[in-house]
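Below: the structure, in structure tokens.
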Amino acid sequence: MHLFNTLTRHVEPFEPLEPGVVKMYACGVTVYDYSHVGHARNYIAWDTLRRYLLWRGYRVKYVQNFTDIDDKIIRRSHQENVPWNVITETYIQAYLDDMDRLNIRRADVYPKATEVVPQIVQFIQSLIDRGYAYESGGDVYYAVEKFPTYGKLSGRKLDQMEAGASGRVDEEAVKKHHPLDFALWKAAKPGEPEWESPWGQGRPGWHIECSVMVREELGDSIDIHTGGQDLIFPHHENEIAQSEAALAKPLSRFWLHNGFVNISGEKMSKSLGNFTTIRQMLESGFDPMVLRLFVLQAQYRKPIDFTDEAIASAQNAWDTLRDGLRFGQKHGKALGYTDIENASFGDPAAMRISTDSDAVLRFQAAMDDDLNTPVALSVLFELAKELQKEGNRLTHDGKTLAEPGTLREQWQTLVVLAEVLGLTAQPAAEAATAGLRDADIEALVQQRAEAKKAKNWAEGDRIRDELKAQGITLIDKPGGITEWIRS
RNA sequence: GGCGGCAUAGCCAAGUGGUAAGGCAGAGGUCUGCAAAACCUCCACCCCCAGUUCGAGUCUGGGUGCCGCCUCCA
């Protein structure tokens, strides 16, 4: 498999450091607000990568942090007059709830910055000891000039950035030796949460927590480190500077970054205020899989535009895919599948599919190519449309063109591959027609037949519409026969 | 100002040298009292200009437009 590595700006063959085992770290959210569609894209992308690695037979250790101490959390705490750790607990739970709904698998570990403060202090001390960091007025800063390859990830050079940076004025500037030096430790101000350190009471800076948590959970060097493109600089650049200065080993072999979700061509972001939260969207009635499909229809590095039209398109596309995914449950009985009552029927984990079919090979080729999910999805759509067509043939003509066994293999292939992309169809709801018994329906169909016989088209149409409203579709067939199906 | 990305049908989106995947939307047909459902069929020469090549969305150079990062941000 090949992945685009931001570090080299090339698509490269992926091989883990330790054969068969992938160590992955995904930069998590700062928990002071609800997650928006941009976050959804990010975590859907890496969840999909993780699922694909598992499908490829790797063992994956997936770690994702929560930044639970930070200026914005403190500000929010003051604004709402709520303890900072209540804020963070609230939004951690909200984050997990949102991601669960999007079928994003839980990380193996969710370390929090505040749980590793002693290790952070130790790490900072070692950077000071090695000459990469200095204390200044209760803060500790990283000296970027001491790290010769600073800028290697983002493709920048210190002297080029100085011009842009020189215009900035902030209170930290006077404490820094170089404008791009960044805080490893911040002295506490009155009323702020604080921890002990050799440099006085304070709290960790943003970047250092990731360097420490990666090491604590996964070791000195890992295989894949992920985040949004906005983390390339300065966050990931700084992580590299910290970890590699302290440990003298590459922090991560691969650096992966996803493209943004845009609104009207502009990046969706909290600072611009142009965001839709995941729960806003789901509460308006969308199946979470619509959002997942919307995200996967573009390759993860490309920007995507979040528009009503795009979501409507994804909604319709999902309806098609979902029909295909439910093929077995819907038609299994008619096709003579004998195990439909088994608990494992329809469960992708229990399915054994041929792994050298054209569909699987094309799916893999696409995913191997830097997670080309649009092409992978095209394979799923071809399967789903064929199944939909055959299902309709069965419903309308009573028979299919392909053999039941062939259809079963196609259906299972679809279900298994969709599961690799995290696309799962919930069982069809039955509530809509619960109040209407077959006999009632038959009676109405008969009434309509008589109305039609009398050429009372208005009455006939009225009955048809009435049934339609209850989820019953009528199918007029040659010879005056009318069949009906629950849709 | 520095660095980087993108430009393919009405919309979305693959395709990186050999005559354009897939999704959404749409059109025509069969059927039909009209519909619905279903089935069949159709729907792009790839931002502009100049090159390289037998042959270029696909490579090179130039242009135009849009976006991102350089400050917290997935």
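All heavy atoms count here, side chains included; hydrogens, waters and symmetry mates do not.
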Quick one: [X] [atom1] to [N] [atom2], roughly how many Å, whole number?
X: A:His257; N: B:C70; atom1: NE2; atom2: P; value: 13 Å
X: A:Arg322; N: B:C24; atom1: CZ; atom2: P; value: 13 Å
X: A:Phe286; N: B:C24; atom1: CZ; atom2: P; value: 16 Å
X: A:Asn262; N: B:C6; atom1: CG; atom2: P; value: 14 Å
X: A:Ile263; N: B:C67; atom1: CD1; atom2: P; value: 15 Å
X: A:Asn238; N: B:C70; atom1: CG; atom2: C1'; value: 12 Å
X: A:Leu377; N: B:C24; atom1: CG; atom2: C1'; value: 13 Å
X: A:Trp318; N: B:A25; atom1: CH2; atom2: C1'; value: 21 Å

Other residues, nucleotides, ligands: >12 heavy atoms within 6.0 Å of [X] [atom1]:
X: A:Glu80; atom1: CD; result: yes
X: A:Asp308; atom1: CG; result: no
X: A:Lys146; atom1: NZ; result: no

Could I get the full list of side chain to side chain donor-acceptor pair (under 3.5 Å) partners for [X], not counting sequence neighbours?
X: A:Tyr142; answer: none
X: A:Glu192; answer: none
X: A:Thr482; answer: A:Asp476
X: A:Asn262; answer: none

Using a heavy-atom cut-off of under 4.0 Å over every strand shown, decide if [X] touches base, sugar-phosphate, or nothing.
X: A:Gly38; answer: base
X: A:Gln229; answer: nothing
X: A:Gly259; answer: base
X: A:Val261; answer: base
X: A:Thr320; answer: sugar-phosphate
X: A:Leu474; answer: base
X: A:Ile232; answer: nothing
X: A:His235; answer: nothing

- Query: Between A:Val63 and A:Asp108, is any pair of side-chain heavy atoms under 4.5 Å apart?
  - Reply: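 Side-chain contact under 4.5 Å: no.
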- What residues form a side-chain contact (heavy atoms from CB on, under 4.5 Å) with A:Arg279, not counting sequence neighbours?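 So A:Arg279 forms a side-chain contact (heavy atoms from CB on, under 4.5 Å) with A:Tyr34, A:Ala94, A:Asp97, A:Asp98, A:Thr277, A:Glu283.
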- Message: Checking A:Asp100 now: which residues fulfil side-chain contact (heavy atoms from CB on, under 4.5 Å) with it, not counting sequence neighbours?
- Response: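 Here the qualifying residues are A:Arg106.
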Ion pair check, [X] and [Y], cut-off under 4.0 Å:
X: A:Glu466; Y: A:Arg448; answer: no
X: A:Lys175; Y: A:Asp139; answer: yes
X: A:Arg322; Y: A:Asp319; answer: yes

- Which residue lies toward the 5' end of RNA chain B, A:Glu309 or A:His39, if each is placed at its nearest nucleotide?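 Here A:Glu309 is the residue nearer the 5' end.
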- Query: Closer to the 5' end of RNA chain B via nearest nucleotide, is it A:Ser269 or A:Phe233?
  - Reply: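 Per heavy-atom nearest nucleotide, the more 5' residue is A:Phe233.
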- Any N/O donor-acceptor pair, A:Asp461 side-chain to B:G33 base, under 3.5 Å: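 Check passes, donor-acceptor contact within cut-off.
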For nucleotides 12-21 of chain B, list the nitrogen or oxygen atoms of the protein found under 3.5 Å from its nitrogen or oxygen atoms, one pair per line.
{"residue": "B:A14", "atom": "OP1", "partner": "A:Gln299", "partner atom": "N", "Å": "3.0"}
{"residue": "B:A14", "atom": "O3'", "partner": "A:Asn372", "partner atom": "ND2", "Å": "3.0"}
{"residue": "B:G15", "atom": "OP1", "partner": "A:Asn372", "partner atom": "ND2", "Å": "3.1"}

- Residue pairs fulfilling side-chain hydrogen bond (donor to acceptor under 3.5 Å, both in side chains) with at least one residue in residues 375-386 of chain A, sequence neighbours excluded: A:Arg362-A:Glu382
- Task: Taking only the side-chain heavy atoms of A:Glu266 (C-beta and beyond), determine which of B:G68, B:G4, B:A74 contains the nearest atom.
- Result: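 My answer, after comparing the listed nucleotides, is B:G68.
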- Item | Shortest side-chain distance from A:Arg448, nucleotide among B:C69, B:C34, B:C72 |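 Shortest atom-to-atom distance from the side chain points to B:C34.
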- Using the P atom as the reference point in each nucleotide, state the distance between B:U8 and B:G57 in Å, no decimals.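 About 15 Å, rounded to a whole number of Å.
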- Could you identify which residues of residues 40-52 of chain A place a heavy atom less than 4.0 Å from some atom of RNA chain B, listed by residue number, or say none?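 Of all residues in residues 40-52 of chain A, the ones placing a heavy atom under 4.0 Å from RNA chain B are A:Asn42, A:Tyr43.
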- Using heavy atoms and a sub-4.0 Å distance, could you list which residues of residues 88-112 of chain A are near RNA chain B? By number, please. none
Below 3.5 Å, can you tabulate the donor-acceptor pairs from side chains in residues 291-300 of chain A to any protein atom, sequence neighbours excluded?
{"residue": "A:Arg292", "atom": "NE", "partner": "A:Leu421", "partner atom": "O", "Å": "2.9"}
{"residue": "A:Arg292", "atom": "NH1", "partner": "A:Asp47", "partner atom": "OD2", "Å": "3.0"}
{"residue": "A:Arg292", "atom": "NH1", "partner": "A:Leu102", "partner atom": "O", "Å": "3.0"}
{"residue": "A:Arg292", "atom": "NH1", "partner": "A:Asn103", "partner atom": "O", "Å": "3.1"}
{"residue": "A:Arg292", "atom": "NH2", "partner": "A:Asp47", "partner atom": "OD2", "Å": "2.8"}
{"residue": "A:Arg292", "atom": "NH2", "partner": "A:Thr48", "partner atom": "OG1", "Å": "3.2"}
{"residue": "A:Arg292", "atom": "NH2", "partner": "A:Leu421", "partner atom": "O", "Å": "3.1"}
{"residue": "A:Gln299", "atom": "OE1", "partner": "A:Arg301", "partner atom": "N", "Å": "2.9"}
{"residue": "A:Gln299", "atom": "NE2", "partner": "A:Asp370", "partner atom": "O", "Å": "2.8"}
{"residue": "A:Gln299", "atom": "NE2", "partner": "A:Asp370", "partner atom": "OD2", "Å": "3.1"}
{"residue": "A:Tyr300", "atom": "OH", "partner": "A:Asp370", "partner atom": "OD1", "Å": "2.7"}

Protein-nucleotides 38-43 of chain B N/O pairs under 3.5 Å:
{"residue": "B:C40", "atom": "OP2", "partner": "A:Lys389", "partner atom": "NZ", "Å": "3.4"}

